[in-house]
Amino acid sequence: MSQSPILVTGGAQRLGRHCVERLLDDGQPVIMSYRRERESLEALRRRGAVTLAADFSSEAGIHDFIARLKAQTSSLRAIVHNASDWAPDSLDDDAGANFERLFRVHMQAPYLINLHARELLDACQEPQRDIIHMTDYVSQKGSRKHAAYAATKAGLDNLTLSFAAMYAPDIQVNAIAPALIMLGEGDDEAYAEKAKAKSLMAKVPGPGVIYQTLRYLLDNDFVTGAILPVDGGRHLR
Ligand SMILES: NC(=O)C1=CN([C@@H]2O[C@H](COP(=O)(O)OP(=O)(O)OC[C@H]3O[C@@H](n4cnc5c(N)ncnc54)[C@H](OP(=O)(O)O)[C@@H]3O)[C@@H](O)[C@H]2O)C=CC1
Ligand SMILES: Nc1nc2c(c(=O)[nH]1)N=C([C@H](O)[C@@H](O)CO)CN2
């Protein structure tokens, strides 16, 4: 039986790219979305990843991506909603536009893709079909500086519960809720030390722990509606 591809949105860098590479290592066909073309995409293309441009900052952009996704494949094994923008709150006239951008990428895109790509998951002939939402520990706690980000990630957590109930038993729908996994390019040692201290495990684990969690969900046919924390015990600090 030929394998249906797994869609990873925002797969061009960091956690998404790591998961794309590990899925390819496992012999899994992958379709990945990217927003900005870059040289590093060529290496993934050479490994067989199918890359589709996507900008989820408008509803039209989301529907345009869905149409190109349906033209690309007739089935999907899973969808990983990884695309995200960790934008801080804007304190000026851009506050509303910033909130809207985060709503679209974190909530409207997963919502519309889940609705319109269900037929692709249903067409998968393999025993299991999954939707995985990448959310965030801050969904449960809020954030003083990233309130719009946290709120829209909380909305994605809630969509996990709704789609799990809507799509059972044919499609499992779960979320992975990380805390600090990878530092940003501009983060200095002082930031890193302060960030490490926020979790009980006191480390920045790197993207391998996310692929382990993704693999667990893809290989388990009895988990749905779960929001799995991968936060080093930060919720207990
Ligand atoms: N890194 C961490 O420590 C943590 C990550 N998470 C979550 O894990 C996931 C992966 O994190 P990380 O790898 O750091 O993510 P990134 O910040 O690297 O973003 C992933 C990708 O999302 C794409 N993207 C952003 N906005 C849009 C948009 N409007 N339309 C289409 N694509 C878009 C970007 O594409 P491009 O680069 O092409 O512009 C980017 O490559 C995210 O959902 C994040 O919220 C949660 C907690 C901690
Ligand atoms: N899309 C992104 N979301 C998040 C990122 C990121 O780099 N891109 N980073 C974080 C931080 O690591 C945060 O967890 C530190 O406390 C959160 N979300």
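Since this is a predicted model, take the numbers as computed values, not measurements. Numbering of residues begins at 1 and proceeds along the displayed sequence. Both counts, for ligands and for their atoms, begin at 1 and track the order of listing.
With respect to atom 19 (O) of ligand 1, the closest heavy atom belonging to the protein is S84 O, 3.3 Å. Nearest to atom 18 (N) of ligand 2 among the protein's heavy atoms is Y149 OH, 2.9 Å. Closest to atom 17 (C) of ligand 2 among all protein heavy atoms lies D136 OD2, 3.4 Å. Among protein heavy atoms, the minimum distance from atom 7 (O) of ligand 2 is reached at R14 NH2, 2.9 Å. G10 O, 3.8 Å is the protein heavy atom nearest to atom 20 (C) of ligand 1. Looking from atom 16 (O) of ligand 2 to the surrounding protein, the closest heavy atom is R234 NH1, 3.2 Å. The protein heavy-atom contact nearest to atom 13 (C) of ligand 2 is W86 CZ2, 3.7 Å. If you check which protein heavy atom lies closest to atom 34 (C) of ligand 1, you get R35 NH2, 4.2 Å. When only non-hydrogen protein atoms are considered, atom 1 (N) of ligand 2 lies nearest to S84 OG, 2.8 Å. Looking only at heavy atoms of the protein, atom 31 (C) of ligand 1 is closest to A54 O, 3.4 Å. The single protein non-hydrogen atom nearest to atom 5 (C) of ligand 1 is L15 CD2, 4.0 Å, given as residue, atom name and distance. In this structure, atom 30 (N) of ligand 1 lies nearest to the protein heavy atom F56 N, 2.8 Å. Counting protein heavy atoms only, atom 12 (O) of ligand 2 is closest to L180 CD1, 3.0 Å.
Within the listing of ligand 1, atoms 29 (N), 30 (N) sit less than 4.0 angstrom from a heavy atom of D55. Listed by number with element, the atoms of ligand 1 under 4.0 Å from a non-hydrogen atom of R14 are 1 (N), 12 (P), 13 (O), 14 (O), 18 (O). Near T135, meaning under 4.0 Å from any of its heavy atoms, are these atoms of ligand 1: 7 (C), 46 (C). Interface atoms of ligand 1 facing N82, defined by a heavy-atom separation under 4.0 Å, are 9 (C), 10 (C), 42 (C), 43 (O). Those atoms of ligand 1 with a heavy atom of A179 less than 4.0 angstrom away are 3 (O), 47 (C), 48 (C). Listed by number with element, the atoms of ligand 2 under 4.0 angstrom from any heavy atom of A179 are 14 (O). Counting the atoms of ligand 1 from 1 in the order shown, those under 4.0 Å from a heavy atom of K153 are 42 (C), 43 (O), 44 (C), 45 (O). Residue-ligand proximity, M134 to ligand 1, at heavy-atom distances under 4.0 Å covers atoms 8 (O), 43 (O). Residue contact check: Y191 has heavy atoms under 4.0 Å from atoms 15 (C) of ligand 2.
Taking any N or O of Y34, backbone or side chain, none lies under 3.5 Å from an N or O belonging to ligand 1. Remark: ligand 1 and Y149 share an N or O pair separated by less than 3.5 Å (distance only, no angle test). Between I181 and ligand 1, at least one pair of N/O atoms sits closer than 3.5 Å. Below 3.5 Å of separation, one finds no N or O of D136 facing any N or O of ligand 1. Between H81 and ligand 1, a contact under 3.5 Å exists for no N or O pair. Checking only distances, A83 never comes within under 3.5 Å of ligand 1, N or O to N or O. Of the polar atoms of V105, none of the N or O atoms is found under 3.5 Å from an N or O of ligand 1, judged by distance alone.
Remark: R237 fails to qualify as a cation-pi partner of Y137 under the 6.0 Å distance and 45° angle criteria applied to the six-membered ring.
Heavy atoms of A195 found under 4.0 angstrom from ligand 2: none, in either backbone or side chain.
The closest heavy-atom contact to atom 38 (O) of ligand 1, among the options Q13, R38, R17, comes from R38.
When only modelled atom types and interatomic distance are considered, Y149 and D136 share a side-chain donor-acceptor pair under 3.5 Å. Using a 3.5 Å distance cut-off with no hydrogens or angles, the side chains of D25 and Y211 do not pair a donor with an acceptor. Side-chain N/O atoms of Q128 and D130 include a donor and acceptor closer than 3.5 Å. Looking only at atom types and distance, the side chain of R38 has a donor-acceptor partner in the side chain of Q13 under 3.5 Å away.
For T160 (side chain) and L156 (main-chain N/O), a donor-acceptor pair under 3.5 Å exists by modelled atom type. At distances below 3.5 Å, not a single donor-acceptor pair connects side-chain atoms of K153 with backbone N or O atoms of Q140.
When each of H106, E100, R104, R101 is tested with T152 by the rule side chain to side chain donor-acceptor pair (under 3.5 Å), just one qualifies, namely H106.
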